Structure formats: structure tokens, C-alpha cells
Amino acid sequence: MFRIGIGSDTHRLVSGRPLVLGGVRIPFELGSEGHSDGDALTHAIADAILGALCEGDIGRHFPDNDQQWKNAASLKLLGRVLWLAKERGYEINNVDATVMLERPKLRDYIAAMRENLARALNVEMGCVSVKAKTGEGMDAVGRGEAVMAQAIVLLQTRSC
Ligand SMILES: [Zn+2]
């Protein structure tokens with residue numbers, strides 16, 4: 001049995017915050033504003049898994065006012081979401097995600113992101129796709145004010 005889910009996330013880019021995507025710290029003068037580490041890519045994937053399970057979104061599971069998740073590594077949060085899926089008898093079939101960021105170029109970091117996410121999701125790297133796009137100079141992404149991510153995930157009933 002399969003279940004599909006979609007997730008998206010946006011964070012404002014501000015100074016004095018790290019830029020973390022897929023658990024990879026990317027050197028840049030701006031970073032994601034947010035309660036946790038602001039990892040939009042990991043949040044979008046977590047939301048997609050929760051969506052596939054009809055379990056709401058990460059705001060419901062990891063509220064802003066919960067000190068436990070202040071500056072937390074979002075890969076840890078993703079691990080919790082995966083645990084929830086496992087409790088329900090599901091594992092990840094595959095994930096496809098897109099990060100939208102004007103600067104810096106993400107090409108050199110994609111493999112490390114996929115590796116981190118695959119490890120957190122307990123799948124092969126070949127089951128996790130990460131793509132990067134810019135905003136072509138338009139909208140909040142294009143003006144360099146925000147980082148956005150979209151993800152889609154397919155869950156399948158665990159084979160054993
Ligand atoms: Zn987020």
C-alpha cells in the first residue's frame with residue numbers, strides 16, 4: 001500500500017543566522033529566520049511525510065513555543081517524523097524535493113544534503129532527490145529575501 005504527501009516551507013533570510021539546508025551548513029552572509037535551525041528543505045520533507053500520514057504539519061507536532069526545538073537540528077525532527085511513519089507501518093519509498101534560493105549556488109552541497117537526508121530517512125541516497133532553483137530575480141526568493149522548499153514523498157507499507 002502506498003501513500004503520497006506534499007510539503008512546502010519558507011523562511012525569511014536574515015543576518016546573524018546560519019543557512020542550513022538538508023542538514024548542511026552553507027557559508028553565506030544570511031541565514032534562515034526560525035525557531036529551530038530554519039532548515040526549509042528538511043521541514044518541507046517532514047511536512048510531506050506528515051501529509052502522507054494525514055497527521056497535520058510540523059507546526060502541530062513541534063510547536064514554536066516548545067523550548068526543546070529551539071535551534072534544534074531539523075534532521076532530528078525529521079527522525080521523529082520518520083518514527084511516526086514507522087509506528088503506522090510505513091517506510092519511505094522515495095522523496096523528491098526542490099530548494100528555491102537566489103544565492104549562493106547550491107550545486108556543491110546537493111550530494112551532502114542527499115546523504116544527510118537519506119541517512120535520517122533510513123533509505124539509500126538513490127531514494128532522495130534534491131534539486132535547486134533560483135527565483136530568476138523575481139519574488140521574495142528572487143530578491144534574496146527568502147529560501148523556499150517543496151517536497152513530495154511516497155510512503156509504502158513496510159515489507160518486513
Ligand atoms: Zn521551516
Side-chain angles (χ1 to χ4, degrees), residues 3-85 90 92 94-106 109-123 127-135 138-155:
R3 293 187 76 103
I4 195 165
I6 189 168
S8 70
D9 196 36
T10 305
H11 283 260
R12 192 188 295 272
L13 291 173
V14 294
S15 56
R17 288 277 303 173
L19 180 61
V20 180
L21 288 165
V24 178
R25 172 119 189 214
I26 294 155
F28 191 49
E29 70 252 31
L30 302 175
S32 298
E33 192 175 56
H35 181 65
S36 63
D37 61 6
D39 186 337
L41 172 59
T42 302
H43 292 173
I45 294 171
D47 249 4
I49 297 170
L50 289 171
L53 297 169
C54 286
E55 276 285 349
D57 59 27
I58 56 172
R60 194 178 113 194
H61 291 265
F62 310 98
D64 270 5
N65 52 17
D66 188 341
Q67 287 303 309
Q68 189 188 345
W69 301 104
K70 191 167 161 55
N71 296 319
S74 294
L75 285 178
K76 247 172 78 181
L77 179 151
L78 185 63
R80 277 276 283 270
V81 170
L82 182 73
W83 175 84
L84 205 69
Y90 288 97
I92 306 292
N94 73 301
V95 174
D96 184 22
T98 303
V99 180
M100 280 157 288
L101 181 69
E102 198 66 12
R103 276 188 321 124
K105 286 266 173 273
L106 296 178
Y109 306 103
I110 297 278
M113 290 180 202
R114 291 177 59 211
E115 206 177 312
N116 282 345
L117 292 164
R119 196 181 311 117
L121 294 171
N122 203 15
V123 293
C127 300
V128 180
S129 155
V130 175
K131 312 184 294 301
K133 284 193 181 309
T134 70
M138 300 176 290
D139 67 32
V141 169
R143 290 190 299 271
E145 296 166 0
V147 55
M148 288 178 64
Q150 298 175 327
I152 190 160
V153 60
L154 187 66
L155 304 183

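Remember, it's 1-based here, ligands and their atoms both numbered in the order they're listed. Since the model is a prediction, treat every value here as computed from it, not as a measurement. When reading the values below, keep in mind they use all heavy atoms of this one structure, side chains included, and skip hydrogens, waters and symmetry mates.
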- Task: Ignoring hydrogens and angles, tell me if any N or O in the side chain of Glu102 forms a donor-acceptor pair with the backbone of Gly135 under 3.5 Å.
- Result: yes
- Which protein N, O or S atoms lie under 2.8 Å from the Zn ion (ligand 1), given by chain and residue number? Asp9 OD2, His11 NE2, His43 ND1
- Query: Between Lys131 and Thr98, do the side chains contain an N or O donor and an N or O acceptor separated by less than 3.5 Å?
  - Reply: yes
- Is any side-chain N of the basic residue among Glu29 and Arg17 closer than 4.0 Å to the acidic one's carboxylate O? no
- Query: Side-chain donor-acceptor pair under 3.5 Å between Ser129 and Asp96, yes or no?
  - Reply: yes
- Message: Tell me which pairs pass side-chain hydrogen bond (donor to acceptor under 3.5 Å, both in side chains) where either residue lies in residues 75-85, with sequence neighbours left out.
- Response: none
- Compute whether any side-chain donor of one residue and acceptor of the other, for Ser36 and His43, lie under 3.5 angstrom apart. yes
